2 protein chains.
Amino acid sequence: MSSTKPPMRDALVAAAFRLFLERGYEQTTVDDIVALAGVGRRSFFRYFPSKEDVVFPDHERCLADVTAFLDASDPGCDPVQRVCEAVRLVLRMYTENPTFSVQRYRLTKQVPGLRAYELSVVWRYERSFAAYLRGRLKGLHDGTLRADVIAAAVAAAHNNALRSWLRSDGQDDPEEAVEHALGYVQSSFGGRGAPAADQESEDVVVIVSRRGAPMWRVVQEIESTLDGG
Amino acid sequence: MSSTKPPMRDALVAAAFRLFLERGYEQTTVDDIVALAGVGRRSFFRYFPSKEDVVFPDHERCLADVTAFLDASDPGCDPVQRVCEAVRLVLRMYTENPTFSVQRYRLTKQVPGLRAYELSVVWRYERSFAAYLRGRLKGLHDGTLRADVIAAAVAAAHNNALRSWLRSDGQDDPEEAVEHALGYVQSSFGGRGAPAADQESEDVVVIVSRRGAPMWRVVQEIESTLDGG
DNA sequence: CCCCGGACAGCACTCAGTTCCCTCGCACGG
DNA sequence: CCGTGCGAGGGAACTGAGTGCTGTCCGGGG
């Protein structure tokens, strides 16, 4: 089943989830988990700094992946699009284990402590996005403000699509939903963001133009955008 | 200074902050706090469900204010503007006690546990915004998605302005910074959002128009926006 | 006068997380 | 073949947050 790298770590995750699903998160003590896994209590805290961490065993690695992905960006690429690509890495991590993700979702929905923990995890992704955008938008007017707002918008769009997929018990197509949500964000902030093909039923259109450009250019831009829609 | 309603609660907050600033949050136990305040340990947990809550003593009330404010909205008002007004209530709560807010900011910046807690508080504001926007945008295309994204953007703009004010030790003008940040968000998502007076040094202008409107109306809108800028 | 309900004190308990020390297995060089 | 060192794991004991329960004080109403 799982890889052969850390047998003990996986055993702890498996034991923990069995108990969490049977009797609930708060009704399960760390001693229960280590007893079922047949290991010492101390070993649990060697692999997971806290009881909550066992619920999100792969976020640490994914966060590192996202940060590395953004660090390796081509300096010429569209930063907003790049962040949108990064968020797809996060989605992939959820969709790799659909049943696990759905079980975890049900758990975090019920336990306030886990929701708070998940929040802090999501926040770290958002800060990674924002740090990258700040670097790319430095010098532009309101660079850090725009970086923070765009990072928050991308994260919110991702979460919206992810949660509706999780609520559907993994039935819906998560890629499609995230693509659609990111299209909305890109059309709102779009640098060169395309107007997103699936906006045909949208009733507003956003046009961005340099101030000072001649009016004929502005009108031309509008016409091409409307025609393309 | 503070109201005369709960003397014990205020005494606990005062004692807690004295110790937190002296020797740090994690180096201070609840027993230390209650000893300094001269009350029983059990009384602390009567007023604050957890040790972290004593650091954010007025957020619960503020969150209730925000929710009530949004619930009392005129159904005809611009929902995005309404949320922007709600976020000013949150800002006011910080600016009412500048020194307290700055001290708390320094504390939360250092202690990971407090950052996580603050995150969950901010998240509840955001969910309050999103719930209101979902109600107002219901039926529109992508209503819940737009509600979530706009709520996140407004919260991020507020946080950006708030944090830069807190970093300035309360020297900068927080109202102005938040106004500016909200102007950016409104111009990105604007329903009828004004182009925000302080965007004069901005080099792009965003125009939103109903698809299907006659072209002369679109041009008229552009001209009036450019002239007003 | 007693009773009752709420605010508070204080003890005892659970459990998460940490510290310290022990054992076992395993490779290493002598 | 035998120390010797070392890293992974086991386990006891401790700290501190949070909870439950019991007892006490106090003010107001029978």
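This structure is a prediction, so every number in the text was calculated from the model and none was measured. The chains referred to below are lettered A, B, ... by the order of the sequence lines, with proteins before strands, and numbering in each begins at 1.
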Exercise for the section: Inspect the contact between Arg18(A) and Asp32(A) and indicate whether a charged nitrogen and a carboxylate oxygen are less than 4.0 angstrom apart. Expected result: no
Problem - Check ion pair Asp148(B)-Arg134(B) (N to O, under 4.0 angstrom) - result: yes
Handout entry: Integer-rounded Å distance: dT14(C) C1' and Asp31(A) CG
Key = 10 Å
Problem - Contact state string [nucleotides 22-27 of chain C, B base, S sugar-phosphate only, - no protein heavy atom under 4.0 Å] - result: ------
Practice task
Answer yes or no for Lys51(B) and Phe44(B): cation-pi contact, defined as NZ/CZ to six-membered ring centre under 6.0 Å and angle to ring axis within 45°.
Solution key: no
Exercise for the section: Nearest whole angstrom, please: distance from the P of dA17(D) to the CG of Leu114(B). Expected result: 12 Å
Practice task
For His180(A) and Asp142(B), test the side chains for any donor-to-acceptor distance below 3.5 angstrom and give the result as yes or no.
Solution key: yes
Problem - Proximity to DNA chain D (any heavy atom under 4.0 Å), residues of residues 106-113 of chain A only - result: none
Handout entry: Test of ring centre spacing under 6.0 Å for His141(A) and Tyr184(B)
Key = no
Problem - Length of the line joining Phe48(A):CZ and dG17(C):P, which is rounded to integer Å - result: 13 Å
Handout entry: Flag for His158(A)-Tyr125(A): side-chain donor and acceptor within less than 3.5 Å
Key = no
Can you name the atoms? Protein N/O to nucleotides 18-20 of chain D N/O, anything below 3.5 Å, with the distance.
residue : atom : partner  : partner atom : Å
dG18(D) : OP2  : Lys51(B) : N            : 2.6
dG18(D) : N7   : Arg41(B) : NH2          : 2.3
dG20(D) : N7   : Arg42(B) : NE           : 3.3
dG20(D) : N7   : Arg42(B) : NH2          : 3.3
dG20(D) : O6   : Arg42(B) : NE           : 3.0

Practice task
Would you indicate what Tyr47(A) reaches in the nucleic acid, counting non-hydrogen atoms under 4.0 angstrom: base, sugar-phosphate, or nothing?
Solution key: sugar-phosphate
Practice task
Rounded off to whole Å, could you give me the CD1-to-P distance for the Ile33(B) and dA9(C) pair?
Solution key: 15 Å
Problem - Charged N-O contact under 4.0 Å between Asp172(A) and Arg167(A) - result: no
Fill in the blank from the handout: Exactly one candidate in Trp123(A), Tyr117(A), Tyr94(A) meets ring-ring contact (aromatic ring centres under 6.0 Å, His included) with His59(A); the answer is Tyr94(A)
Handout entry: Side-chain donor/acceptor contact of Arg46(A) with base of dG10(D) under 3.5 Å
Key = yes
Handout entry: Pair Tyr105(A) + Phe100(A): ring centers closer than 6.0 Å
Key = no
Fill in the blank from the handout: Closest to the 5' end of DNA chain C, once Thr29(A) and Met8(B) are matched to their nearest nucleotides, is Met8(B)
Handout entry: Any side-chain donor near an acceptor of the partner, Ser188(B) and Ser188(A), under 3.5 Å
Key = no
Exercise for the section: State whether Phe69(B) and Arg82(B) meet the cation-pi test: NZ (Lys) or CZ (Arg) under 6.0 Å from the six-membered ring centroid, and within 45° of the perpendicular axis. Expected result: yes
